[in-house]
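Below, chain A is the first sequence line, B the second, and so on; all start at residue 1.
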Amino acid sequence: MTVRTRFAPSPTGHLHVGGARSALFCWAFAKRHGGRFLLRIEDTDQKRSSAEAGLGFLADLEWLGIDWDEGPEHDGHGGGDSGPYFQSKRLPIYEEYFQKLIESGAAYPAFETTEELAEARREARARKEAYRYDRASLSLSPETVKQYLEEGRPHVLRFKVPDDRELVVHDLVLGDVRLAPGELEDFVIRKADGFPTYHFAVVVDDALMEVSHVIRGQEHLANTPKHVLLQEALGFPHPAYAHVSLIFNPDGSKMSKRDKDKLLRAQVKERGIESPPGGIDEATWTTWLGDKTVQLSADQAMVLASELHVDLPEIDVADFQQAGYLPDVLVNYLALLGWSPSDGQEQFDQDFLVSQFDLDRIVKSPAKFDRDKLLAFNLDALQDMSEDDFVERFRGFCEVHHPEVLAHFTDENFRRFAVANKERSKTLLDPIRTGGFFLADDESITWEAIKPVRKALCNGEPCGYDRLEAILPTLREAEDWTVAGLESLIESWAEAHAEGNLGKVAQPIRVAVSGGPVSPPIYDTLVILGKDASIRRMERCLSHREALCPTA
RNA sequence: GACCCCAUCGUCUAGUCAGGUCCAGGACGUCAGGUUUUCAUCCUGAAAACAGGGGUUCGAAUCCCCUUGGGGUCGCCA
């Protein structure tokens, strides 16, 4: 049997890490078995599917290196003979199967309104009972039904669930899952607007697209008996099922896009901030603060986060991309969430994943997303790169996310900047985050009187300021402003004036030119900055001596 | 609330299906040392788990039951 798997997201913006992992497992499984991986867009909700919600996840999948053999056409991927791959374009197909079920008596029209059902559910809840549809419309006389239909009454189609037998789902990771007779209600398969519900569309499409293995999140487990029933009624074979557990935040809550807003809201309240930052208007701000279900746009959230100096939690694949993670590392880490290779290897590439992946090594229990471990993997991957590779990766990252960095440097200096930062970068964003002083104007550098700054500049006898003042003339006269030139210059100066203790000289210089205690190796830093800027910054720092080191 | 799923270090997991080689292994994190012109690395070492209770068995992390805890579903959302 040919293996065919599919990932079937609804078109709601970006790809979530949970979805990415499902897609990855489907992809790896198909590849492992020489099968095909398809992508299908589940856009049967007319209320939600909008053009601007978009197909952003196609780019996310592509970035991760998860390519699809069949599906929407995008950048050379997709196409295929089992299309269309958008469910909204398959309505006539579904209609054909609806008719089959109506004719066989397996489906029937139901005329209750949404409000009536909501009321019934409320009542059942008040009585502390589980609500199941009472089949009221099933007991309508044929004449009444006929009359209602002729009147054009709005109605849905419900599937008549056989209630005389136990339902079993054979799951490749969970084993057999059983459901007692009568637990399932007659669920809706066609909405009043004529669109199929998820349950119906998924069954028809999986069958028609000859999907052999359905690998998806465990939130679908409870739905699967419905699908099995539908397959039987329609005469379709059952695909093999594999339900993988969910991914959670470290605190055990479900990883959700709302987490970003949750964090921001908490920060805003904690600090008692009342007015919105630029980019967010007053009205948006007020409703957002007052309503927990309202989300800021990605841009607005970023503005606010940078205003508050907090890091937003990464939730979507795009967040990790922007935060400077490597796609191969994310894929590696995601694969490890719920799966592990038999030899225990933890860091691997996609070829290895494909060669090793199988469903029988998937774990049943849910996993918490550990950003520290991801970060450690990203660091390892970055450090393992050659300088050239790193420079190119970093350049690519800047092109997309930080063109201002590229614009600031000459090619030669960009390379120097990248290489100098490589060894302490955990992400591609780190050089930019910790190297802001490189990009800043000489006149805008400030020195905060924090402990490490004061230590470098004010403490000791002679103190850093004394040494800075002493070495400045030497630096002014330096002709060979290169790493080698500065190295011999500063080291011999340290030899002569600081008992050979390089730190006593380097750290004051570092603080002076960067404004803080952290920078790449000092010679690299000075060369990237250039002589003029370095000298100017040291002079300015010197002029702030009184403010930083008040003489008591 | 009903139904379903799950349960090994703080976290991800190996080991569970085929009970003994497991006083439980690895990784991330943590802690303690060391290297380093800062930070980050890097090196060495340490602490750290079979949720609880009953069985079955010569023997249980592994099999069974109960309890507890966590999660999912219960939509004309997917």
Side-chain angles (χ1 to χ4, degrees), chain A residues 8-12 42-45 47-49 87 110 112-114 117-118 121 124-125 127-132 154-158 169 171 174-175 177-180 183-185 187-199 201-202 217-225 243 245-246 248 250 252 254 333 336-347 360-361 363-377 379-380 383 421 423-426 430 434 452 456 490-491 494 501-507 509-511 514 516-523 525:
Chain A
S10 55
T12 46
E42 314 237 313
D43 54 350
T44 54
D45 187 352
K47 287 189 281 295
R48 288 197 211 186
S49 294
Q87 292 187 326
E112 293 78 8
T113 64
T114 317
L117 292 170
R121 279 190 199 101
R125 200 172 190 82
R127 276 181 273 117
K128 291 193 181 273
E129 283 170 21
Y131 174 79
R132 285 191 202 95
H155 65 280
V156 299
L157 218 49
R158 281 183 186 268
V169 175
D171 190 278
L174 262 16
V177 178
R178 296 165 189 286
L179 194 63
E183 287 292 337
L184 265 190
E185 68 169 358
F187 54 94
V188 174
I189 56 177
R190 188 178 67 190
K191 309 176 205 176
D193 64 5
F195 274 59
T197 58
Y198 164 73
H199 305 299
V202 86
Q218 232 178 73
E219 71 266 27
H220 290 295
L221 180 61
N223 289 324
T224 310
H243 287 95
S245 61
L246 275 15
F248 295 104
K254 193 179 172 182
Y333 180 71
L336 243 24
L337 242 34
W339 178 82
S340 62
S342 55
D343 68 357
Q345 193 174 325
E346 289 212 293
Q347 299 196 7
D360 56 12
R361 291 193 63 84
V363 151
K364 302 177 187 181
S365 43
K368 289 175 186 165
F369 196 97
D370 181 1
R371 287 196 180 78
D372 285 334
K373 187 157 180 170
L374 208 217
L375 201 56
F377 277 27
L379 170 112
D380 288 342
Q383 301 316 319
N421 276 291
E423 66 175 358
R424 100 197 103 265
S425 288
K426 296 190 174 188
D430 277 350
T434 62
I490 295 177
E491 267 176 25
N501 195 334
L502 195 56
K504 293 267 187 268
V505 188
Q507 197 58 5
I509 296 179
R510 168 173 288 113
V511 170
S514 75
V518 178
S519 89
I522 193 63
Y523 310 121
T525 302

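For the pair A:I522 CD1 and B:C39 P, the interatomic distance rounds to 13 Å; values are reported in whole Å. As a whole-Å value, the separation of A:Q345 CD from B:C12 C1' is 16 Å. Atom-to-atom, CG of A:L379 to C1' of B:C42 comes out at 10 Å; the value is rounded to the nearest Å. Protein atom NZ of A:K373 is 15 Å distant from nucleotide atom P of B:G10, rounded to whole Å. Atom-to-atom, CG of A:D372 to P of B:G10 comes out at 16 Å; the value is rounded to the nearest Å. The interatomic distance linking A:H220 (NE2) with B:G75 (P) rounds to 16 Å, in whole Å. For A:K368 and B:U8, the NZ to P distance is 10 Å, given to the nearest whole Å. Atom CG in A:L336 sits about 8 Å away from atom P in B:U13, given to the nearest Å.
Nucleic acid contact for A:Q218: sugar-phosphate only, since backbone atoms but no base atoms lie under 4.0 Å from a heavy atom of the residue. Contacts of A:T434 with the nucleic acid, taken as non-hydrogen atoms under 4.0 Å apart, are absent. Contact annotation for A:G338: backbone-only contact, meaning every heavy-atom pair under 4.0 Å involves sugar-phosphate atoms and none involves a base. Here A:R361 lies in heavy-atom contact (under 4.0 Å) with sugar-phosphate atoms only. Using a 4.0 Å heavy-atom criterion, one finds that A:R178 contacts the sugar-phosphate atoms exclusively. Residue contacts for A:P520: at a heavy-atom cut-off of 4.0 Å it reaches a base atom on one of the strands shown. Counting any heavy atom pair closer than 4.0 Å across all strands shown, A:F369 reaches no nucleic acid atom.
Of the candidates B:G75, B:A78, B:C3, the closest approach to any side-chain atom of A:Y198 belongs to B:A78. Taking only side-chain atoms of A:L221, from C-beta outward, the nucleotide of B:C4, B:U41, B:G26 with the closest atom is B:C4. Each of B:C6, B:U38, B:C76 was ranked by its minimum atom distance to the side chain of A:Q507; first place goes to B:U38. For A:P521, the listed nucleotide lying nearest its side chain is B:U37; candidates were B:U37, B:G10, B:A78. Checking B:A27, B:A78, B:U13 against every side-chain atom of A:A367, the shortest atom distance belongs to B:U13. Among the nucleotides B:C76, B:A78, B:U13, the one closest to the side chain of A:N223 is B:A78. Side-chain proximity of A:Y523 to the nucleotides B:A2, B:C12, B:U37 is greatest for B:U37. Taking only side-chain atoms of A:R158, from C-beta outward, the nucleotide of B:U41, B:C76, B:C12 with the closest atom is B:C76. Side-chain atoms of A:L246 lie closest to B:G71 of the nucleotides B:U38, B:G71, B:A78. Looking at the side chain of A:A376, the nearest of the listed nucleotides B:A14, B:G71, B:G29 is B:G29.
The separation of B:A49 from B:G26, taken at their P atoms, amounts to 14 Å, rounded to a whole angstrom. The P atoms of B:A61 and B:U21 are separated by 9 Å, rounded to the nearest whole Å. B:C65 and B:A7 have their P atoms separated by 14 Å, given to the nearest Å. Between B:G10 and B:C5, the two P atoms lie 27 Å apart (nearest whole Å). Nucleotides B:C9 and B:G25 have their C1' atoms positioned 11 Å apart, rounded to a whole Å. Of the P atoms belonging to B:G53 and B:C6, the separation is 22 Å, rounded to the nearest Å. Taking atom C1' in both B:A24 and B:A14, one finds a spacing of 10 Å when rounded to whole Å. Nucleotides B:C63 and B:G71 place their C1' atoms 25 Å apart, quoted to the nearest Å.
The phosphate of B:U37 (OP1 or OP2) has no side-chain N or O of A:K504 nearer than 4.0 angstrom. OP1 or OP2 of B:G75 sits under 4.0 Å from a side-chain N or O of A:R121. Applying the 4.0 Å criterion to OP1 and OP2 of B:C77, one finds that A:K191 has a side-chain N or O inside that range. Put simply, A:K364 has a side-chain N or O that comes within less than 4.0 Å of OP1 or OP2 on B:C6. Considering only side-chain N and O atoms, A:S365 lies nowhere under 4.0 angstrom from the phosphate OP1 or OP2 of B:G70. Of the side-chain N and O atoms in A:R424, none sit less than 4.0 angstrom from OP1 or OP2 of B:U37. Contact check, A:R127 against B:A2: no side-chain N or O comes under 4.0 Å of OP1 or OP2. Between A:S340 and the phosphate of B:U13, there is no side-chain N or O to OP1/OP2 separation shorter than 4.0 Å. For the OP1/OP2 pair of B:U41 and a distance below 4.0 Å, the side-chain nitrogens and oxygens of A:K426 include at least one atom meeting the criterion.
A salt bridge is absent between A:R121 and A:E129; no separation between the charged side-chain nitrogens and carboxylate oxygens falls under 4.0 Å.
Under a 3.5 Å cut-off, the side chain of A:N421 and the backbone N or O of A:P520 do not form any donor-acceptor pair. A:E185 places no side-chain N or O within 3.5 Å of a backbone atom of A:F187 that could act as its donor or acceptor partner. In this structure a side-chain-to-backbone donor-acceptor pair under 3.5 Å is present from A:Y333 to A:D370. The main-chain N or O of A:P517 is found under 3.5 Å from a side-chain atom of A:Q507 such that the two form a donor-acceptor pair. In terms of modelled atom types and a separation under 3.5 Å, the side chain of A:S340 and the main chain of A:L336 share no donor-acceptor contact. With A:R125 contributing its side chain and A:Y131 its backbone, the two residues share no donor-acceptor pair below 3.5 Å.
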Assess whether salt bridge (charged side-chain N to carboxylate O under 4.0 Å, His left out) is satisfied between A:E183 and A:R178, documenting all intermediate values. CA-CA 11 Å; A:E183 287 292 337; A:R178 296 165 189 286; over 6 Å; no
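At a cut-off of 3.5 Å, with distance as the only test, no side-chain donor of A:S245 or A:S365 sits close to an acceptor on the other residue.
In this structure, B:U44 forms a base pair with B:A32, meeting either the Watson-Crick or the G-U wobble geometry with both donor-acceptor distances under 3.5 Å. In this structure B:U21 sits in no base pair that meets the Watson-Crick or G-U test at under 3.5 Å. Across all strands shown, the partner of B:G69 is B:C6, judged by Watson-Crick or G-U wobble contacts whose two distances both fall under 3.5 Å. In this structure, B:A14 forms no base pair with any nucleotide, since neither Watson-Crick nor G-U wobble geometry is met with both distances under 3.5 Å.
Side-chain contact between A:T197 and A:T44 is absent, with no heavy-atom pair separated by less than 4.5 Å.
Residues A:E112 and A:N501 each lie close to RNA chain B; by heavy-atom proximity, the contact nearer the 5' end of the strand is made by A:N501. Each of A:A110 and A:A180 has a nearest nucleotide on RNA chain B; the 5'-most of these lies closest to A:A180.
Remark: the A:E219 side chain and the B:G71 base include no donor-acceptor N/O pair separated by less than 3.5 Å.
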